[in-house]
Amino acid sequence: MAEYNRPVPGVTPDSKEYWEGCRRHELLIQRCIECGHHRFYPGPMCQAFDCLSMNFEWVKASGKGTVYTLTVVARAPNEMWAELAPYALVLIELDEGPVIFSRAVDIPAFDVKIGMRMEVVFEDLTDEVTLPFFRPITEPEA
């Protein structure tokens, strides 16, 4: 594995299971046991305003979703990110409902479009850190 020289996400007690899932190449999200609401980013309480339950379970997401919005970073903010530019930062609305922030891969940045169907892929950055990215779905969906 090549040396990784960029910042990595911090792990909190609320997000530990999520990051462990990423290391196994599984996209895990929380589901409220009381109302069934799926949520991301992990937290201790349901985000549905009429629920706010603290009872949840971890479920494996389909890993598929739709580009909700995006921005193309044409000029990297510093040398650390320069080799990636241009790159597309995307908000993906997962089929389960939550929205996840990530980077689009396997597609030129300026070809990413709102409404495009995407699927998760994982990149092992270090032995401890794996990030989920999203690429266009290339095969027809059933």
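Index from 1, following the sequence.
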Residue pairs involving residues 4-15 (criterion salt bridge (charged side-chain N to carboxylate O under 4.0 Å, His left out); sequence neighbours excluded)
Arg6-Glu83

Hey, what do you get for [atom1] ([X]) to [atom2] ([Y]), rounding to the nearest 0.5 Å?
X	Y	atom1	atom2	value
Thr71	Leu91	OG1	CG	10.0 Å
Leu89	Phe101	CG	CZ	4.5 Å
His37	Phe49	NE2	CZ	9.0 Å

Can you name the closest pair of heavy atoms from [X] and [Y] and give their distance?
X	Y	answer
Val67	Ile92	CG2-CD1, 3.8 Å
Val121	Val105	CG2-CG2, 3.7 Å
Ala74	Pro86	CA-CB, 4.0 Å
Gly63	Leu27	CA-CD2, 4.0 Å
Ile107	Pro136	CD1-CG, 3.6 Å
Met80	Pro7	SD-CD, 3.1 Å

Would you say that [X] contacts [Y] through its side chain, given a criterion of any heavy-atom pair below 4.5 Å between the two side chains?
X	Y	answer
Ile29	Trp58	no
Gln30	His38	no
Leu131	Pro9	yes
Val72	Val112	no
Glu96	Ser62	yes
Tyr68	Val90	no
Lys64	Arg117	yes
Cys51	Cys32	yes

Please determine whether side chain to side chain contact (heavy atoms under 4.5 Å, CB included) holds for the pair Met45 and Ser53, giving the CA-CA distance in whole Å, both sets of side-chain angles, and the decisive distance to 0.1 Å.
CA-CA 6 Å; Met45 184 182 301; Ser53 170; over 6 Å; no

Do [X] and [Y] sit in one hydrophobic cluster, given that two such residues count as connected whenever their side-chain heavy atoms are within less than 4.5 Å of each other, even indirectly?
X	Y	answer
Val129	Tyr4	yes
Ile33	Val59	no
Leu70	Met116	yes
Tyr41	Leu52	no

CD (Glu57) with more than 12 external heavy atoms under 6.0 Å:
yes

Assess whether atom CZ of Phe122 is packed by more than 12 heavy atoms of other residues, nucleotides or ligands within 6.0 Å.
yes

Cys46 vs Cys35, side chain to side chain contact (heavy atoms under 4.5 Å, CB included): CA-CA, chis, key distance, verdict:
CA-CA 9 Å; Cys46 182; Cys35 73; 3.6 Å; yes

For Thr130 and Arg23, run side chain to side chain donor-acceptor pair (under 3.5 Å): C-alpha distance rounded to whole Å, both residues' side-chain angles, the deciding distance at 0.1 Å, then the answer.
CA-CA 5 Å; Thr130 299; Arg23 283 181 51 199; 5.7 Å; no

Apply side chain to side chain contact (heavy atoms under 4.5 Å, CB included) to the pair Arg135 and Met118, showing each step before the final yes or no.
CA-CA 5 Å; Arg135 69 177 176 203; Met118 305 285 266; 5.5 Å; no

Mind running side chain to side chain contact (heavy atoms under 4.5 Å, CB included) on Leu84 and Arg103 for me, showing each step along the way?
CA-CA 10 Å; Leu84 295 176; Arg103 181 167 51 91; 4.0 Å; yes

Would you say the side chains of Gln47 and Arg39 form a donor-acceptor pair under 3.5 Å?
no

Before we go on, tell me: are the rings of Phe40 and Tyr18 under 6.0 Å apart, centre to centre?
yes

Test of understanding: with side chain to side chain contact (heavy atoms under 4.5 Å, CB included), list the residues that count as partners of Glu26, not counting sequence neighbours.
Arg24, Leu28, Lys60

